[in-house]
Protein chains: 2
Amino acid sequence: MAQGMDKASLGELHMLVEHVGPLHAGDHVFRVGDPFEAIAAVRAGTVKTYIIDPGGREHVLGFHFPGEVIGLDGIDGDTYPCNAVALDTVMLCRFSFPKISVLAGRLPGLQQHLFRLLSRDIGRAALLSGDWTADERMAAFLVTMSRRLAARGFSADRFQLTMARTDIANYLRLAPETVSRVLKRFQSDGLLNVDRRELEILDQARLGALAAPVLWKQ
Amino acid sequence: MAQGMDKASLGELHMLVEHVGPLHAGDHVFRVGDPFEAIAAVRAGTVKTYIIDPGGREHVLGFHFPGEVIGLDGIDGDTYPCNAVALDTVMLCRFSFPKISVLAGRLPGLQQHLFRLLSRDIGRAALLSGDWTADERMAAFLVTMSRRLAARGFSADRFQLTMARTDIANYLRLAPETVSRVLKRFQSDGLLNVDRRELEILDQARLGALAAPVLWKQ
DNA sequence: CGTTTGTTTGAAAGGCTTCAACTACAGTGG
DNA sequence: CCACTGTAGTTGAAGCCTTTCAAACAAACG
């Protein structure tokens, strides 16, 4: 959150940061309809955002790793439009939105940063759209996760699938059975090793090639 | 663009508006890689935004009708990430983004309006995602188009499909043949009449019911 | 009037889902 | 420590929807 801002500005930012946590698996950060008051940055753990449609089916909107921001889609409205739940042990920083919004009026750097965060999310949603094959979706999911974790200092080749297969399926708009089958085939093709929720990517190059049609924009 | 703003503010806004047009079918508003300088509001006609993937396939990102804003996704970066082309005779208002951005720092109402515009687009992209059937997609497309046109004073029941079948197909991630077949079936089911690009919705209720699973969020 | 582009129609093929059953694991209480 | 129970994950077979391929057709344009 510190880009184009001087030290004094950062000082002001610290004034409106509230540290939250630890939350445990299953704890909710916010729920649909909760009054929108703050956005939050994940400091540790994984947060899943999702909605339940009228038919009772769950749609996973995204997974959020350390360094990433949740709650941005609440800005257009006075309540959160989705649920956010911790998948493991989670630490957060809450930023009061009214306060940050006022501050943004005085700090062009902050305003621009917020504009950019919002604008970026418009594009990110496009990952899901498109009629990709199950293989392409899964590869793109794994490559994206690997990159995002690596950007935060974690291993790009070994990490945990902190979410259930069902969550992955709901995120990728696939049946859980398909997720299972694709992962198995990827393993027998030597692309990766997967044991329960432990994942090791063996061939980033080939996996990236599979994901390429989906990720060419990023 | 006038919400929570007083007359003096509106006066300032008029200072940075530039009227553009008329553009004719096939004329581009901007192209991928053009320097991002402005957002634009459609005053008349239809604008299609799209990208060409490395395989040469066109992906239609959206259609934009009078009263709607294009170019927002350029904010995160210094060039436009997509192409915008006129589908018929188009009139535009250009808003210089650097200027509007500075002004937003002084007008909290404008800043909030921009935040909301951006935030809303994050959600809108979700229309495409989801693994809906061809019928559901087409119904949602027609209902959404009808509503948006009606919101601007046009007829909700009779309007022109200003875009080609191929464009609709690329937008809905369907084959053009499927678009053709679905429209034909809708017609023989008494949902609508379609003659070339002229469309009349005969049964908004049933069409809305078909689209409901896709549109329940809006 | 011929050519090009866009649209429609038909038949076959493919990929994912659905349904059903089975397996593995974690937590619980005996 | 071990059986038990419930949840999560895996595996197999059948079915369905959309795509693909191919061709006919219509409209627009020179």
Side-chain angles (χ1 to χ4, degrees), chain A residues 24-26 46 48 50 55-60 85 87-88 128-141 160-189 192-199 210 213-214, chain B residues 24-26 46 48 50 55-60 85 87-88 128-141 160-189 192-199 210 213-214:
Chain A
H24 302 102
T46 314
K48 173 182 81 172
Y50 70 99
R57 276 178 296 273
E58 176 175 324
H59 297 256
V60 174
V85 65
L87 292 183
D88 48 11
L128 279 175
S129 62
D131 55 342
W132 313 109
T133 65
D135 286 19
E136 289 168 329
R137 279 164 203 250
M138 180 61 68
F141 170 69
Q160 266 212 81
L161 299 172
T162 45
M163 65 295 293
R165 298 287 192 273
T166 312
D167 289 332
I168 301 177
N170 285 338
Y171 178 64
L172 298 178
R173 320 287 177 183
L174 296 173
E177 294 92 330
T178 306
V179 170
S180 203
R181 284 186 252 264
V182 172
L183 280 177
K184 190 191 181 184
R185 189 154 30 76
F186 279 5
Q187 179 158 32
S188 65
D189 287 353
L192 48 79
N193 272 325
V194 56
D195 173 40
R196 189 135 188 77
R197 297 198 170 178
E198 215 62 49
L199 186 104
L210 269 177
V214 183
Chain B
H24 302 101
T46 313
K48 172 181 85 171
Y50 70 98
R57 276 179 297 272
E58 174 175 324
H59 298 256
V60 175
V85 65
L87 293 183
D88 47 11
L128 278 175
S129 63
D131 56 341
W132 312 109
T133 65
D135 287 19
E136 289 168 329
R137 278 164 204 250
M138 181 60 68
F141 171 69
Q160 266 213 82
L161 298 172
T162 45
M163 64 295 293
R165 299 287 191 273
T166 312
D167 289 333
I168 301 178
N170 284 338
Y171 178 64
L172 297 178
R173 320 286 178 185
L174 296 172
E177 294 93 331
T178 305
V179 169
S180 203
R181 285 185 251 263
V182 171
L183 281 177
K184 189 189 180 183
R185 188 153 31 77
F186 279 5
Q187 179 158 32
S188 65
D189 287 354
L192 49 78
N193 273 325
V194 56
D195 172 42
R196 188 130 189 82
R197 296 199 171 178
E198 214 62 47
L199 186 102
L210 268 177
V214 183

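Everything numeric in this text was worked out from a predicted model, so none of it was measured. First the proteins, then the strands, lettered A, B, ... as listed; each starts at 1.
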Interatomic distance, CZ@A:Arg181 vs CG@A:Leu174, rounded to 0.5 Å, equals 11.0 Å
Whole-Å distance separating the CG atom of B:Leu174 from the C1' atom of C:dG15: 16 Å
Correct closest heavy-atom pair for A:Val60 and A:Tyr50 would be CA-CB, 4.0 Å
Go nucleotide by nucleotide along DNA chain C from the 5' end; which of A:Thr133 and A:Arg196 gets its closest nucleotide reached first? A:Thr133
Could you tell me how far apart A:Asp131 (CG) and C:dG14 (P) are, to the nearest whole angstrom? 18 Å
Can you list the steps and then say if B:Val194 with B:Phe186 is a side-chain contact (heavy atoms from CB on, under 4.5 Å)? CA-CA 9 Å; B:Val194 56; B:Phe186 279 5; over 6 Å; no
Start with the C-alpha distance between B:Gln187 and B:Asn193, add both sets of side-chain angles, then the distance that settles side-chain contact (heavy atoms from CB on, under 4.5 Å), and finish with yes or no. CA-CA 5 Å; B:Gln187 179 158 32; B:Asn193 273 325; 3.1 Å; yes
Distance check needed: C:dC16 C1' versus A:Glu177 CD, whole Å only. 10 Å
In short, the helix from C:dC1-D:dG30 to C:dG30-D:dC1 is bent end to end, axes from five pairs each side, to 10°, by 30°
Salt bridge present between A:Glu58 and A:Lys48 (N-O < 4.0 angstrom): yes
With a 4.0 angstrom cut-off to heavy atoms of chain A, pull out the first and last contacting nucleotide of DNA chain D, in 5'-to-3' order. D:dG9 to D:dA13
Whole-Å gap separating C1' (C:dG14) and CD (A:Glu136): 14 Å
Atom pair distance, as rounded to whole Å: CZ in A:Arg165 and P in C:dC25: 13 Å
Without decimals, in angstroms, what is the distance between B:Met163 CE and C:dT7 P? 11 Å
Going from CE on A:Met138 to OG1 on A:Thr178, what distance comes out if it is rounded to the nearest 0.5 angstrom? 9.0 Å
Please report the closest heavy-atom contact between B:Ala169 and B:Ala175, naming both atoms and the distance. CB-C, 3.8 Å
Which atom of B:Asp135 lies closest to which atom of B:Arg185, heavy atoms considered: OD2-NH1, 2.7 Å
State the CG-CG distance between A:Leu183 and A:Leu199, to the nearest 0.5 angstrom. 7.5 Å
Rounded to whole angstroms, how far apart are CH2 on A:Trp132 and C1' on C:dG15? 16 Å
Using heavy atoms and a sub-4.0 Å distance, could you list which residues of residues 178-187 of chain A are near DNA chain D? By number, please. A:Ser180, A:Arg181, A:Lys184
Grab the CZ-P distance between A:Arg197 and C:dC25 for me, whole Å please. 14 Å
Report yes or no: do A:Glu136 and A:Thr133 form a side-chain donor-acceptor pair below 3.5 Å? yes
Please report the closest heavy-atom contact between A:Leu87 and A:Met163, naming both atoms and the distance. CD1-CB, 3.6 Å
